[in-house]
Amino acid sequence: MNKNRENFKKYSNDLYFHHLLVENERIRTLICQELILDREIVSTKLKNAQQYGKNFYEKKLILDILAIDDVGDLYNIELQTYGLNEEILVRFELYNAELLRQQVKQGEDYTSAHVVRSLIISYGHILDNPPLYKCHFRMVDDEHHIVYPFNRMEITIIQLEYINQVINEMTSFNQLMYLFKNEKPYDKIEIDYRIKEAIQMYDKYISSEESYLEYLDRLDNEILLRSRDRKIKEANQKVVEEKQKAEEANQKAEKEKKKAEEANQRAEKANNEIDSILDETKESIIKYIKMQFHEDISDFISTFSKQQIRNLQKHLYDFEEFEELKNYFQKPKGLSRKVCK
């Protein structure tokens, strides 16, 4: 027997599980009843039985059963063959919240919303603390051990790995879980009639070639979906890496820009200091000429370059007469050469 056929014939085949809950109301109600102990569920109906997509472009490849009971409470049931992880657990929280929100239309009384209960039947385990067969979660005050009043969302996790914890409490529900975990019924006690129905439906299901082909289609879809998801993940990772590179380049450019701005500021400060010194030098020269020669050269000196001002300052005391200084102004190169006495 090939591997695909072998897995198809297991009770853990979630296509069979889906088929079982869709077609058998008694078993569906048995599972829902496990989630509520203060009243008896009279009946359940399918509200939205999610089917496998026929091709890999249909993202939904998870077999959720959404049922509603006779008083309107909702039950979301899922079999997880690959174990649990953070993504799955968060998805259940969000799905519960969405189912709760959808019940109340704008303007209606919020108290009309019915309880949403989710059940995860897991072949793997994640709740190592504590490692329990059944864990029931709802909002509660941990410090005072007070349950949130009028709680509308609950999640129950069954970890089949720990089925032996209830080996002495083989209720009808636990018998069903035992069947799924061990691929055979618990025969130490009388087998519940609903478990017998599940076995009969299983025998009929695995003998159907159409069901097997559907199972193979599902495997193909999962392979294509995983391949697509891997490519999307790789593409997203590449986008992240390119974005990171761009951010690093921008940061580097910002640093270089900042350095250039700081350099420009330093240069501007230096130029301002030089201009301030030259202004002071010009004022000193003007005052000296006025004092020494009784002449005002403010208009003349305002047109001098920085170098000319420096040269004039350097040779200012070489001139004994103003005419000598004036003649020097009229030379082609101005004050660019040294004055000789």
Side-chain angles (χ1 to χ4, degrees), residues 17-18 20-22 24-50 60 62-80 83-122 124-160 162 165-166 169 171-174 176-177 194:
F17 178 79
H18 180 265
L20 180 66
L21 269 63
V22 168
N24 194 313
E25 182 186 356
R26 288 182 292 274
I27 294 177
R28 184 172 66 241
T29 301
L30 170 66
I31 292 176
C32 294
Q33 186 68 69
E34 184 67 16
L35 305 182
I36 179 169
L37 303 177
D38 58 356
R39 66 176 175 85
E40 182 178 353
I41 298 176
V42 176
S43 63
T44 59
K45 295 180 181 179
L46 290 175
K47 188 172 177 64
N48 183 25
Q50 298 286 357
K60 185 71 173 179
I62 301 170
L63 290 179
D64 289 338
I65 293 291
L66 181 59
I68 184 170
D69 69 13
D70 50 285
V71 301
D73 287 355
L74 296 173
Y75 302 84
N76 178 45
I77 306 167
E78 183 175 317
L79 183 71
Q80 280 290 331
L84 302 177
N85 55 39
E86 181 179 358
E87 181 182 359
I88 292 172
L89 296 178
V90 173
R91 174 169 60 81
F92 263 82
E93 286 187 273
L94 295 176
Y95 190 32
N96 272 18
E98 179 62 19
L99 291 174
L100 190 62
R101 186 199 64 80
Q102 288 177 0
Q103 294 183 59
V104 182
K105 297 180 181 179
Q106 188 174 2
E108 291 185 353
D109 185 357
Y110 287 112
T111 61
S112 64
H114 288 273
V115 178
V116 177
R117 299 181 177 89
S118 285
L119 174 65
I120 310 173
I121 302 171
S122 173
H125 65 87
I126 192 174
L127 306 177
D128 293 324
N129 186 22
L132 298 175
Y133 165 67
K134 180 180 179 181
C135 296
H136 183 70
F137 300 96
R138 53 181 173 173
M139 288 194 293
V140 64
D141 182 336
D142 290 334
E143 182 179 355
H144 303 99
H145 307 289
I146 301 173
V147 176
Y148 184 81
F150 312 113
N151 189 59
R152 290 293 195 273
M153 293 196 301
E154 300 175 4
I155 296 178
T156 300
I157 298 178
I158 297 293
Q159 299 185 107
L160 295 178
Y162 305 119
Q165 292 178 4
V166 293
E169 303 173 33
T171 62
S172 300
F173 175 82
N174 290 340
L176 183 64
M177 296 300 101
R194 287 160 294 193

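It should be emphasised that the depicted structure is a prediction, and the values quoted were computed from it without experimental measurement.
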- prompt: Are side-chain heavy atoms of Y133 and N174 found at a separation under 4.5 Å?
  reply: yes
- prompt: From E154 CD over to L35 CG, what is the distance, rounded to the nearest 0.5 angstrom?
  reply: 8.0 Å
Heavy-atom closest contact (Q33 atom, I41 atom, distance): OE1-N, 2.6 Å
statement: On a heavy-atom basis, the closest approach of Y162 and L132 is CD1-O, 3.3 Å
- line: Value for CZ (R26) from OG (S172), rounded to nearest 0.5 Å, stands at 13.0 Å
message: Quick one: does any side-chain atom of R39 pair with a main-chain N or O of L37 as donor and acceptor, under 3.5 Å?
response: no
message: Using side-chain heavy atoms (C-beta onward) and a distance below 4.5 Å, is I36 in contact with Y75?
response: yes
Trace of the side-chain contact (heavy atoms from CB on, under 4.5 Å) decision for R152 with V115: CA-CA 4 Å; R152 290 293 195 273; V115 178; 4.2 Å; yes
message: Quick one about D70 and S43 (side-chain donor to acceptor, distance below 3.5 Å, no hydrogens or angles considered), yes or no?
response: no
message: For a quick test of reading the model, state the closest non-hydrogen atom pair linking A67 to R28 and the distance between them.
response: CB-CD, 4.1 Å
task: For the residue pair Q103 and L100, establish whether any side-chain heavy-atom pair is separated by less than 4.5 Å.
output: yes
- request: Mind listing the closest non-hydrogen atom pair of L176 and I27 along with its distance?
  value: CD2-CG2, 3.9 Å
- request: Flag the pair C32 / I77 as yes when at least one side-chain heavy-atom distance between them is below 4.5 Å, and no otherwise.
  value: yes
query: If you draw a 6.0 Å radius around CZ in R138, do more than 12 non-hydrogen atoms from other residues or ligands fall strictly inside?
result: no
field: Side chain to side chain, L74 and K47, heavy atoms closer than 4.5 Å
entry: yes
field: Shortest non-hydrogen contact between D69 and G72, atoms and distance
entry: OD1-N, 3.0 Å
query: Are the side chain of D109 and the backbone N or O of S112 linked by a donor-acceptor pair below 3.5 Å?
result: no
message: Looking at E25 and L46, would you say the former's side chain and the latter's main chain have a donor-acceptor pair under 3.5 Å?
response: no
field: Nearest non-hydrogen partners of L66 and Y95, listed with the distance
entry: CD2-OH, 4.0 Å
message: Distance check, rounded to the nearest 0.5 Å: D73 atom CG versus H114 atom NE2?
response: 6.5 Å
The single option from H136, K134, E34, R117 passing side-chain hydrogen bond (donor to acceptor under 3.5 Å, both in side chains) against T156: H136
Any donor-acceptor N/O pair, N76 side chain to N96 backbone, under 3.5 Å: no
- prompt: Counting only N and O atoms by type, is there a donor-acceptor contact under 3.5 Å from the side chain of Q159 to the main-chain atoms of C135?
  reply: no
- line: Between the CZ atom in F92 and the CD atom in Q80, the distance rounded to the nearest 0.5 Å is 6.5 Å
message: A side-chain contact here means heavy atoms from C-beta on lying under 4.5 Å apart; do I157 and F137 qualify?
response: yes
field: From I88 atom CD1 to S122 atom OG, the distance as rounded to the nearest 0.5 Å
entry: 7.5 Å
- request: Go through the steps to decide whether M177 and L160 satisfy the test side-chain contact (heavy atoms from CB on, under 4.5 Å), and finish with yes or no.
  value: CA-CA 7 Å; M177 296 300 101; L160 295 178; 3.8 Å; yes
- request: Measure from the side-chain N and O atoms of E86 to the backbone N and O of L89, and report whether any donor-acceptor pair falls under 3.5 Å.
  value: no
field: Min side-chain heavy-atom separation I155-E93 under 4.5 Å
entry: yes
- request: Could you grab the distance from atom CZ of F17 to atom CD1 of I65, nearest 0.5 Å is fine?
  value: 7.5 Å
- prompt: Does the side chain of I158 come within less than 4.5 Å of F173's, by heavy atoms?
  reply: yes
